[in-house]
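Worksheet: the structure to be examined is printed underneath.
Keep in mind that the numbers below use all heavy atoms, side chains included, and drop hydrogens, waters and symmetry copies. So that the names make sense, note that chain A is the first sequence line, chain B the second, and so on, each numbered from 1.
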Number of protein chains: 2
Amino acid sequence: MTKIVQIKQTRIQREKRLLIQKAALQVFSEFGLRGATLDKIAKACGLTKPNILYYYSSKDEIYAEVLQSLLEEWIRPLKDISENGDPLKEILKYVQKKLTMSKTKKQESKLFATEILHGAPLTQNILAGSLKETVDDKVKLLNKWISEEKIAPVDPYHLIFSIWSMTQHYADFDVQVYSLLNTKKRSRIFQDAEDFLLTFFTRCLKQD
Amino acid sequence: MTKIVQIKQTRIQREKRLLIQKAALQVFSEFGLRGATLDKIAKACGLTKPNILYYYSSKDEIYAEVLQSLLEEWIRPLKDISENGDPLKEILKYVQKKLTMSKTKKQESKLFATEILHGAPLTQNILAGSLKETVDDKVKLLNKWISEEKIAPVDPYHLIFSIWSMTQHYADFDVQVYSLLNTKKRSRIFQDAEDFLLTFFTRCLKQD
DNA sequence: TATTTTTTTGACCAAATGGACAACTATTTA
DNA sequence: TAAATAGTTGTCCATTTGGTCAAAAAAATA
């Protein structure tokens with residue numbers, strides 16, 4: 001008796017898996033892993049619960065896959081900071097990219113935040129692995145720029161943390177941010193945020 | 001028939017309610033509202049589940065009370081920014097206070113973050129109410145300082161957001177922060193963070 | 001078009017969980 | 001110390017929820 005392993009996905013499998021992932025991202029980011037239910041995901045994508053379980057063997061597997069595909073995307077922009085560009089410009093470009101992600105990938109940001117907040121049970125190895133590698137690499141670059149007096153001296157690790165926290169704040173804490181701004185400022189929030197952040201980091205890093 | 005309403009709490013009630021609140025904070029901050037179970041809370045404080053429900057009528061009520069008492073404490077430091085002190089010093093003092101809270105009140109920070117992240121169902125009115133009042137008040141003060149040229153011009157709302165996000169990051173994302181730092185830097189993380197933040201805000205706000 | 005394979009679903013199950021309650025114990029008060 | 005009140009718990013229940021399964025429907029293939 002041979003076990004038959006399906007290698008190639010059918011068209012329907014590709015479509016439905018994507019559909020489920022999208023719905024799952026939405027539901028997980030709103031309710032967290034434990035607050036999300038298969039029924040909610042099912043409703044969100046218009047499939048039945050058993051049908052979802054035909055494509056994924058468990059809720060946890062869906063979560064793991066959604067998180068996995070998010071993580072790669074999440075780390076990527078950091079890698080783009082280039083040794084060759086103008087140091088300050090490269091950093092500001094990164095800030096802008098992260099801020100844009102907060103605007104356009106709010107669900108992803110929230111899901112990531114929830115995961116880390118609750119101890120990163122599925123992400124720890126990635127944090128300590130490929131993310132740490134990339135961060136260490138960029139820390140070296142930042143230190144080089146500092147020693148060459150191309151940017152003002154700061155702790156590069158904490159500089160990176162500050163970029164992450166300030167930009168992601170606009171996605172993760174959007175409810176708070178919106179609550180505190182009046183209608184006028186609310187409509188130009190990302191514009192204002194960009195102005196603020198660019199000014200901020202420029203003042204802090206500019207070498208005079 | 002008269003309905004008897006108990007006004008004064010007994011000693012045991014005070015003690016046990018506090019015990020439950022402490023345990024609940026711990027469990028809620030780790031698992032979120034939906035991930036936390038009465039059994040977990042019961043175990044964490046060494047009481048039985050029915051016993052907990054003798055003091056609180058539901059899980060949601062416990063959550064609401066824990067969150068409520070946290071919120072007041074959370075907002076308070078902002079109020080301490082004084083019109084009378086030296087502007088830059090007042091702001092830096094606030095940064096320091098918030099950073100200290102991230103160190104000593106990690107659970108509170110995480111619980112607050114989770115609540116906001118998931119739409120602040122129980123907090124929205126407070127955000128839009130007393131917090132907004134306080135923020136608006138301080139925004140006025142910051143604008144005054146700017147117009148008097150005592151600090152450099154920045155958007156005061158976003159300045160406040162930046163303080164919140166950067167300081168709270170060390171509590172909420174501790175797992176990530178720790179994963180990325182080596183042992184040596186890990187042990188002086190809050191020291192380094194303080195140095196970084198004070199330098200950062202000084203460079204950004206100093207009027208020359 | 002007949003056959004095989006993939007996809008879908010209604011009905012069902014077991015475990016987890018929030019909560020009720022009556023009986024019992026400990027504490028307070030008169 | 002007796003009566004009243006407050007506190008505690010074992011047991012039970014209903015709902016929610018992750019997941020199963022066999023049978024039906026749809027799609028792909030020969």
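Under the 30°/60° scheme for interplanar angles, the aromatic rings of B/Tyr170 and B/Phe190 are found to be tilted.
Considering CG of B/Leu180 and CG of A/Leu127, their distance stands at 6.5 Å, rounded to 0.5 Å.
Counting heavy-atom neighbours within 6.0 Å of B/Lys132 NZ, excluding the residue itself, gives a total above 12. More than 12 heavy atoms of other residues, nucleotides or ligands shown are found within 6.0 angstrom of NZ on B/Lys40.
Whole-Å rounding puts the B/Leu53 CG to D/dT11 C1' distance at 14 Å. Between the CD1 atom of A/Ile52 and the P atom of D/dT20 there is a distance of 14 Å, rounded to whole Å. Counting to the nearest Å, the C1' atom of C/dA26 and the CD atom of B/Glu15 are 14 Å from each other. Atom CZ of B/Arg17 and atom P of D/dA6 are 14 Å apart (whole Å).
B/Ile12 has its side chain within reach of B/Tyr55: a pair of non-hydrogen atoms, C-beta onward, lies under 4.5 Å apart. Using a 4.5 Å cut-off on side-chain heavy atoms (C-beta onward), B/His169 and B/Gln176 make contact. Taking 4.5 Å as the limit, some side-chain heavy atom of B/Trp74 sits within range of a side-chain heavy atom of B/Gln168. Inter-residue side-chain proximity for B/Ile91 and B/Ile163 is flagged as met; some heavy-atom pair is nearer than 4.5 Å.
Residue B/Gln13 has no polar side-chain atom (N or O) positioned under 4.0 Å from OP1 or OP2 of D/dA6. Distances shown here put every side-chain N or O of B/Lys16 at or beyond 4.0 Å from the OP1 or OP2 atom of D/dA6. Using a 4.0 Å cut-off, some side-chain N or O of A/Tyr54 falls inside it from OP1 or OP2 of C/dT7. For C/dT7, the OP1/OP2 oxygens have no side-chain nitrogen or oxygen of A/Asn51 closer than 4.0 Å.
Ring to ring, B/Phe200 and A/Phe201 are close: their centroids are under 6.0 angstrom apart.
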Nucleotide N/O to protein N/O under 3.5 Å, stretch nucleotides 27-30 of chain C:
| residue | atom | partner | partner atom | Å |
| --- | --- | --- | --- | --- |
| C/dT28 | OP1 | B/Arg11 | NH2 | 2.8 |

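Residue pairs meeting the salt bridge (Lys or Arg N to Asp or Glu O under 4.0 Å) criterion with at least one partner in residues 106-127 of chain B, sequence neighbours excluded, are B/Lys106-B/Asp174, B/Lys110-B/Asp174.
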- [ ] In sequence, state the C-alpha distance, the side-chain angles, and the governing distance for A/Tyr54 and A/Lys16, and then conclude on side chain to side chain contact (heavy atoms under 4.5 Å, CB included).
- [x] CA-CA 10 Å; A/Tyr54 171 73; A/Lys16 293 290 163 74; over 6 Å; no
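Against DNA chain C, the stretch residues 41-50 of chain A makes heavy-atom approaches under 4.0 Å through A/Thr48, A/Pro50. Taking every heavy atom of residues 56-66 of chain A and every atom of DNA chain D, pairs under 4.0 Å involve A/Ser58, A/Lys59, by number. Contacts of residues 21-38 of chain B with DNA chain C (heavy atom under 4.0 Å): B/Ala36, B/Thr37, B/Leu38.
For B/Arg11, the salt bridge (Lys or Arg N to Asp or Glu O under 4.0 Å) partners are B/Glu15, not counting sequence neighbours.
Side chain to side chain, B/Tyr157 and A/Asn182 fail the donor-acceptor criterion of an N or O pair below 3.5 Å.
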